[in-house]
Structures are given as C-alpha cells and as structure tokens.
There are 2 protein chains.
Amino acid sequence: MALLPEPLQRLIVALERLPGVGPKTASRLAFFLLKAPEQVSGELAEALKDLRNATGICQTCFNITLVNRPQCDICADAQRDEHIICVVEDPMDVLAIERAGAFQGKYHVLHGALSPIEGIGPENLRMRELEERVKAGNISEIIIATNPSMEGDATALYLKKQLADYSVRITRLARGLPVGGDLEYTDQTTILRALAGRQDM
Amino acid sequence: MALLPEPLQRLIVALERLPGVGPKTASRLAFFLLKAPEQVSGELAEALKDLRNATGICQTCFNITLVNRPQCDICADAQRDEHIICVVEDPMDVLAIERAGAFQGKYHVLHGALSPIEGIGPENLRMRELEERVKAGNISEIIIATNPSMEGDATALYLKKQLADYSVRITRLARGLPVGGDLEYTDQTTILRALAGRQDM
C-alpha cells in the first residue's frame with residue numbers, strides 16, 4: 001500500500017528535481033500546495049507551461065528573451081554602449097549586474113563555464129559567437145564577469161588567450177572584500193586577492 | 001524596461017508564494033527550470049494540475065485520498081485496529097507516523113490546531129467529526145498526536161475536555177529528548193519534560 005495518493009506522490013517527485021529541494025522540502029511544498037487556494041498551484045502550473053513556449057534566446061547575446069523577438073531588450077536598446085561587452089556565465093548574472101545599475105554596455109551570455117570534470121569545453125559554450133562579435137569589430141572593451149570560481153577563472157583565461165589577436169581591451173571584475181562583509185570571516189584567498197589589489201586612497 | 005521577460009517574471013512570482021522560497025530562491029529555481037530539460041517543468045506543471053483534480057478528502061478520517069474513493073487506504077484497510085484512533089493536525093503527520101511503522105490503528109486529521117491569534121477555533125477543525133466517531137462507539141483509545149507546540153497543547157487539552165464524557169482512554173505522545181539529539185543543545189522546556197517523564201530502567 002502506498003503511503004500517499006499517486007498524484008501527490010508524483011508532485012513530490014517532480015519537486016525533488018529542483019535544486020536545493022530534498023524529499024522533506026518537497027513533501028512540505030506539496031502539502032502546502034494541496035492546502036493553499038487552487039489559484040496558487042494553478043498559476044504556478046500555467047507559468048511553467050508558458051516558460052518554454054514564450055521564452056527564447058537572443059540571437060546576439062544569448063540572453064533570455066521573448067520567443068517572438070530575435071533580440072533581447074538590452075541588445076535592441078540603441079541607448080546602450082555597443083562598444084563594451086560584459087561576458088557572463090548565465091542569464092541570472094545579467095540580472096544581477098542590471099540590478100546594480102552601473103553598466104551601460106551590452107552583454108554576452110556564455111551559458112556556463114569551462115569545466116573538464118563536467119565535460120564542458122569551449123564548444124559547449126557561446127565562445128565562438130563572442131569571438132565573431134569581436135571579429136565584426138566596433139568593440140573596444142570586453143569585461144569578463146565570469147564567477148570568481150575555479151571554472152570562472154579558467155573560462156576567463158581561455159577567453160583572454162582566444163581574444164589576444166584582436167585589438168580589444170580585456171578586463172575582469174575586481175576581486176576583494178565584499179561590501180558589508182566582515183574581515184574576520186573572510187576566507188584566506190579573498191584576503192590575499194584584496195591585499196594584492198589594494199588601492200591608494 | 002523590465003529586467004526579465006514577462007513569462008519568467010510570472011514564474012518567479014508564482015514560486016515566491018511557496019513557503020521558504022524568497023525572491024532569490026525563486027529566481028534560482030526559475031532559471032534552473034528554464035535551463036533544465038523541458039520534461040522537468042512539464043511534469044511539474046502536470047502534477048500541479050492533477051493535484052487538485054485527482055485528490056480528495058477521506059470521509060472518515062479526513063486524510064488525503066484519491067478523488068474517486070470515499071475512504072482513504074488506511075480507513076479502508078480491514079487489517080488495521082479500528083478501536084484506536086490517532087489524532088493529528090495535518091496529513092503530513094499521518095505520513096510521519098506511518099513511516100515510523102509502529103502504529104496499527106486508524107487516524108483522524110484535524111486539519112490544523114486551535115489558534116486564537118490566527119482565528120482558528122474548534123469549528124474550523126474536524127473536531128465535531130471526531131466526537132461523532134467516538135459517540136458511534138467501538139473506540140477504546142484516542143492517541144492525541146498534535147504538535148508539541150502551544151497550539152498543539154491547547155488543541156489536546158480542548159479535545160480531552162470534549163471527550164471526557166465518553167468511556168474512552170485518552171493518551172498523548174510522550175515528550176522527552178529526541179533520539180539522536182544532544183542534551184547540551186536541548187532547550188530548557190524539553191529537558192524539564194524529559195525529567196518529569198523519566199522512566200525506571
């Protein structure tokens with residue numbers, strides 16, 4: 001005898017596939033959805049269905065866009081500086097930088113980082129497309145904003161070599177103490193980086 | 001200009017309604033679903049739709065059941081002892097006790113606990129239905145397994161008074177140190193309860 005009715009069990013299995021959701025959280029969410037107004041689960045189901053049908057990938061920067069548009073809002077925005085490209089790993093990184101509100105250039109989304117362990121090589125990322133954008137000219141600076149991780153560092157180094165033949169300035173986001181952080185609890189590597197990158201005041 | 005395409009934004013809003021899911025987790029989950037195979041979001045959407053259509057409430061114990069059955073599997077199981085009823089707050093509690101595998105009686109799901117602050121009174125819970133089951137006779141023991149919280153305690157006391165006129169044994173789950181717990185990190189109230197309930201060995 002199954003402990004739970006099949007539809008509920010199926011929802012728990014589907015929820016367990018989400019990152020950070022284990023069996024206990026999945027049960028809790030499923031029972032919450034069962035108890036909550038039907039609108040809550042209904043709107044979630046609708047949004048999930050629309051997600052794939054209504055979103056696409058920008059043909060220029062590979063950020064997420066609406067399916068009926070070849071370019072994302074940022075690429076289509078003539079107000080933004082098309083001479084500077086900020087290279088990020090994921091669409092979420094675009095969102096993070098946009099929220100900071102200090103960058104007025106365009107983006108390029110790689111959709112991942114180099115990772116030999118996971119079998120992700122340059123051919124799995126949007127690297128060739130970035131080189132083509134640089135080759136087409138008109139780009140003065142590439143800001144590499146991959147994650148400050150081993151994979152992000154490897155990706156940045158690879159890009160630097162790849163783009164060395166073009167007359168384009170290549171920069172990387174600064175490393176150092178995070179604002180609001182606590183020196184006491186900062187890891188060694190970050191302190192080393194913050195020391196190495198110290199600035200006159 | 002919106003930072004995100006509307007379908008993605010809508011999914012994030014829908015995910016934020018889940019308990020324990022804040023704006024950051026909701027974004028992370030939404031981007032995960034965007035990147036994951038279509039099957040992952042598709043099966044989740046299907047399970048959400050089926051949840052309400054295919055599940056119902058047991059007419060006897062008010063546990064969750066399939067919509068086309070008047071009784072849940074436990075109530076319908078003639079092998080189980082119908083003289084003992086375990087009273088719980090939520091269907092998840094039934095699952096927890098069933099997983100422990102030591103209880104062979106039937107259940108009664110109150111669907112909540114008394115909470116004057118949240119405006120939940122006896123009329124909002126399945127208390128009358130429990131009294132009717134007791135009144136119908138044939139019950140020898142009621143095990144009150146409400147949560148060891150203020151609301152759970154209040155609910156247990158209320159039930160005890162309510163059922164005092166019937167010749168039925170009323171018990172409550174034992175309080176004490178949780179197995180695998182650490183005395184050092186156990187809260188005062190639990191230690192007091194464990195001392196008061198100490199047993200000869």
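Just so it is clear: chains get the letters A, B, ... in the order the sequence lines come, proteins before strands, and each one is counted from 1.
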Looking at [X], I'd like to know if its [atom1] atom is crowded, meaning that more than 12 non-hydrogen atoms belonging to other residues, nucleotides or ligands lie closer than 6.0 Å.
{"X": "A:L195", "atom1": "CG", "result": "yes"}
{"X": "A:Q188", "atom1": "CD", "result": "no"}
{"X": "A:E118", "atom1": "CD", "result": "no"}

Please state whether the side chain, the backbone, both or neither of A:R69 comes within less than 4.5 Å of a heavy atom of chain B.
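No part of it gets close to chain B.
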
Chain B contact via A:T65 - side chain, backbone, both or neither, heavy atoms under 4.5 Å
backbone

Give the member of A:A45, A:C72, A:G42 that has the highest number of heavy-atom pairs under 4.5 Å with chain B.
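Heavy-atom pair counts peak at A:A45.
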
Choice from [options] maximising heavy atom contacts with chain A below 4.5 Å:
{"options": "B:A36, B:P19, B:S41, B:A47", "result": "B:P19"}
{"options": "B:Q39, B:H111, B:R28", "result": "B:R28"}
{"options": "B:M92, B:R99, B:E46", "result": "B:M92"}
{"options": "B:R10, B:E38, B:E43", "result": "B:E38"}

What's the verdict on side-chain contact (heavy atoms from CB on, under 4.5 Å) for B:L34 and A:L51, showing C-alpha distance, side-chain angles and the deciding distance?
CA-CA 7 Å; B:L34 196 65; A:L51 182 66; 3.5 Å; yes

Qualifying residue for side chain to side chain contact (heavy atoms under 4.5 Å, CB included) with A:L48, from B:V40, B:L15, B:L33:
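For A:L48, the side chain to side chain contact (heavy atoms under 4.5 Å, CB included) test succeeds with only one of B:V40, B:L15, B:L33, which is B:L33.
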
Give, as side chain, backbone, both or neither, the part of B:N63 having an atom under 4.5 angstrom from any heavy atom of chain A.
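Contact with chain A: none, neither part.
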
As an exercise, state the distance from [atom1] of [X] to [atom2] of [Y], rounded to the nearest 0.5 Å.
{"X": "B:I64", "Y": "A:K35", "atom1": "CD1", "atom2": "NZ", "result": "9.5 Å"}
{"X": "A:L95", "Y": "B:I12", "atom1": "CG", "atom2": "CD1", "result": "7.0 Å"}
{"X": "B:L44", "Y": "A:E16", "atom1": "CG", "atom2": "CD", "result": "12.0 Å"}

Any side-chain heavy-atom pair from A:L66 and B:P7 closer than 4.5 angstrom?
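Side-chain contact under 4.5 Å: yes.
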
